[in-house]
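Single-structure report; data block below.
Computed from a predicted model, the values in this text were never measured in an experiment.
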Amino acid sequence: MENGINIKNNKITDLSIHFPKNNVGRVKLEAKCSVNLKNSKDKNDHSKLLVMKINVSSKNKEINIEMGSKTIFECNEPIEDMDKFMKKILVPEVSDQLFIILDDILEKMGYPKMNFAREK
């Protein structure tokens with residue numbers, strides 16, 4: 001990939017979607033993300049594991065979506081500042097992929113897409 005990462009495996013580990021039974025009309029949603037980065041235990045394996053939790057909710061929690069994922073990736077080049085790399089490249093790339101998957105799931109459930117993924 002041109003962004004410096006090669007995603008080897010990206011999977012959703014858990015998903016919880018709660019929508020009220022009654023239509024609530026338009027609501028403002030907020031997305032929060034937490035991440036944890038782990039190195040491989042094998043010194044010859046340069047891949048890393050990104051564990052991510054995404055929470056999308058309305059202010060009063062009438063809508064609440066929680067998604068967990070595990071992404072195995074390799075960097076195409078050495079990374080000098082891993083925190084900056086994660087904030088600028090890795091987390092946005094992986095979260096965009098997860099938001100696209102979530103939009104597909106919501107659409108199949110009969111709900112509108114949230115369109116949280118960045119346009120490219």
* Test: Glu66 and Lys53 ion pair at under 4.0 Å -> no
* Only counting residues at least two apart or in another chain, list the ones meeting side-chain contact (heavy atoms from CB on, under 4.5 Å) with Asp104. => Ile100, Lys113
* Structure fact -> Rounding to 0.5 Å, atoms NZ (Lys48) and CG (Asn39) come to a distance of 4.0 Å
* **Main-chain N/O of Glu74 paired with Asn6 side-chain donor or acceptor, under 3.5 Å** => no
* Counting distance only, does the side-chain N/O of Ser57 pair as donor-acceptor with the main-chain N or O of Lys61 below 3.5 Å? -> no
* To do: Heavy atoms only: give me the nearest Ser47-Asp45 pair and the separation to one decimal.
  => OG-OD1, 2.7 Å
* Asked: For Phe99, what residues pass the ring-ring contact (aromatic ring centres under 6.0 Å, His included) criterion, not counting sequence neighbours?
  -> Phe116
* Contact check, side chains of Leu50 and Met86, non-hydrogen atoms, under 4.5 Å -> yes
* Non-hydrogen side-chain atoms of Met82 and Leu37 separated by less than 4.5 Å -> yes
* Can you list the other members of the hydrophobic cluster that holds Leu49, where links are side-chain heavy atoms under 4.5 angstrom apart? -> Val51, Ile72
* List the atom of Asp96, the atom of Ala117, and the distance in Å for their closest heavy-atom pair. => OD1-CA, 3.5 Å
* Asked: With the threshold set at 4.0 Å, does a side-chain nitrogen-carboxylate oxygen contact exist between Lys28 and Glu30?
  -> no
